[in-house]
Amino acid sequence: MKIMVVGGGGREHAIIKKLKENPRISKIFALPGNGGIAKDATCINIDSENLPEIVDFAVKESIDFAVVAPDEPLVMGLVDMLEEKGISCFGPNKAAAIIEGSKAFSKELMKKYGIPTAQYEVFTERDMAIKYLDTCKIPVVIKADGLAKGKGVIIAETCEDAKKAVNSMMEDKIFGESGSCVVIEEFLEGPEVSVLSFTDGKVLIPMISSMDHKRALDGDKGLNTGGMGTIAPNPYYTKEIAARCEEEIFLPTMIAMNREGRTFKGCLYFGLMLTKDGPKVIEYNCRFGDPETQVVLPLLESDLFEIMECVAKGCLSEAKVEFSKDYACCVVMASKGYPGSYENGCELVIPEDVSNVFVAGANQKEGKLFSKGGRVLGITERGESLKEAVRKAYISTGKIKFDNGFYRSDIGAKALKALEEA
Ligand code: AMP
Ligand code: GLY
């Protein structure tokens, strides 16, 4: 079978490595992939947002199955376009991907179906938004409605900053049209948990839970990033909380999307906050999270491709979805300066004995790898305990030569502390 994976980051590398375990797959294309992914798939230089070219390529190459991983092409409707050509896909169609594509939509969905989330109001007029802020408790959270490359959330510590955030989104359009509508919501507190799930609209199977580390620097300091590392499973996500989330959040969301005529098929990501009033939804993503995928998929013991096929066919209840009892830790190496400006082109030397590296941003030249992008590598290791997984991940990370790189040295520290206190 010929498979096409759309995207080119660490998440896509993790998906491709897992798909390769299936003996029925003879060829995997990555669009565009990257210099590191090129070791595991044939990279085709087509941007993941260039929908017409992707469809032409898939038709020309007689692709049997497509995995669409990033948010942009999903929200833009790539799955609909490929399915029109008779190509089976893993990923939601445009109608369902709106659960991530519009925060106003997802908030209204939760309100309508009684799914726990932060209190909020939606504004399309700046003046109304500014006036409303005078009545809000501080801190307050301002979110651009549409996709904003992971940067569309501002937590304002003063009313003045909140107003500045609204102005920058609605007047200065720092996120383009994504900010012409904003959601202003209550600030929630508690441990965060990411839960990815497989769903075909009939059943929903949660994957192992994980914890992201979004800030750039140790001790959760510095700017928000796409994610500087992950661990799985998340110790805060106990069996009791999991049962509650399934009953109060996961299944109600699947059913709500069906009732809205927007059946979701693919990976539905729940960004949760465990507040003192119970688990609440911070955000939905219509796709695998990154770097969560870089710890979740290495712990998946079942065949990823078979699960994806079942999701596409609507027979997920027949699929085997089993996870290891181990822990995993992923340390992200990023370019110095990220998430601000940084330099590309630094050589990456990965020794042979470090095998679990997912490449997020690199070029290949004459057999050598060079950094390209903010997040460059994800180094994942497994262990029977979280402590062991973290220790091994840092040993492997230390063996990599990336002179212009940096990484957090406390990935997993909060989780280890939670385990000790439990
Ligand atoms: P997002 O870009 O949607 O993943 O949001 C980035 C981060 O902002 C989340 O991981 C949370 O840490 C934080 N966040 C978003 N919404 C809220 C909220 N209502 N209360 C507190 N923190 C939030
Ligand atoms: N790590 C969060 C995300 O993928 O959006």
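Not measured: the values here are computed from a predicted model. Every number for a ligand or one of its atoms is a count from 1 in the order of the listing.
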Which of the atoms in ligand 2, numbered in the order shown and given with their element, are less than 4.0 Å from a heavy-atom of Tyr269?
2 (C)
Distance filter under 4.0 Å to Asn285 heavy atoms, resulting ligand 2 atoms
3 (C), 5 (O)
Are Tyr407 and Phe402 an aromatic pair, judged by ring center distance below 6.0 Å?
no
Identify the two heavy atoms, one from Pro233 and one from Asp326, that lie closest to each other, and give their separation to 0.1 Å.
CD-O, 3.9 Å
Exactly one of Ile44, Val67, Leu82 clears side-chain contact (heavy atoms from CB on, under 4.5 Å) with Met4, and that residue is Leu82
Using a cut-off of under 3.5 Å, which N/O atoms of ligand 1 pair up with protein N/O atoms, and what distance separates each pair?
from	atom 1	to	atom 2	distance (Å)
ligand 1	3 (O)	Glu283	OE1	3.0
ligand 1	4 (O)	Lys214	NZ	3.4
ligand 1	4 (O)	Glu283	OE1	3.4
ligand 1	4 (O)	Glu283	OE2	2.8
ligand 1	10 (O)	Glu192	OE1	2.8
ligand 1	12 (O)	Glu192	OE1	3.4
ligand 1	12 (O)	Glu192	OE2	2.4
ligand 1	16 (N)	Lys143	NZ	3.0
ligand 1	19 (N)	Glu185	OE2	2.7
ligand 1	19 (N)	Glu186	O	2.9
ligand 1	20 (N)	Leu188	N	2.8

Which pair of heavy atoms, one from Glu292 and one from Ser194, lies closest together, and at what distance?
OE2-OG, 2.8 Å
What residue and heavy atom of the protein are closest to atom 1 (N) of ligand 2, and at what distance?
Glu292 OE1, 2.8 Å
For the pair Asp303 and Lys320, find out whether any cationic side-chain nitrogen is under 4.0 Å from an anionic carboxylate oxygen.
no
Of all residues at least two apart in sequence or in a different chain, which pass the ring pair (Phe, Tyr, Trp, His ring centres under 6.0 Å) check with Phe370?
none
Validation row, ring centre Phe250 to ring centre Phe270 under 6.0 Å:
yes
Does atom CG of Asp277 have more than 12 heavy-atom neighbours, drawn from other residues, nucleotides or ligands, at distances under 6.0 Å?
yes
Using a 4.0 Å heavy-atom cut-off, which part of Arg287 comes near ligand 2: side chain, backbone, both, or neither?
side chain
Side-chain touch Tyr284/Glu100, heavy atoms, less than 4.5 angstrom
no
Consider ligand 2: state whether an atom of it lies below 4.0 angstrom from any non-hydrogen atom of Phe288.
no
I'd like to check which ligand 2 atoms, numbered from 1 as shown, lie under 4.0 Å from a non-hydrogen atom of Gly289.
4 (O)
For Lys94, is the NZ atom crowded, meaning more than 12 foreign heavy atoms sit under 6.0 Å from it?
no
Side chain or backbone of Arg11 under 4.0 Å from ligand 2, or both, or neither, by non-hydrogen atoms?
neither
Is ligand 2 less than 4.0 angstrom away from at least one heavy atom of Ser194?
no
In terms of heavy-atom contacts, does NZ of Lys131 have more than 12 from other residues, nucleotides or ligands at under 6.0 Å?
no
Of all the atoms in ligand 2, which lie at a distance below 4.0 Å from a heavy atom belonging to Gly226?
1 (N)
For Lys214, the ligand 2 atoms whose distance to one of its heavy atoms is below 4.0 Å
2 (C)
Where is the nearest protein heavy atom to atom 4 (O) of ligand 2: which residue, which atom, and how far?
Asp290 N, 2.9 Å
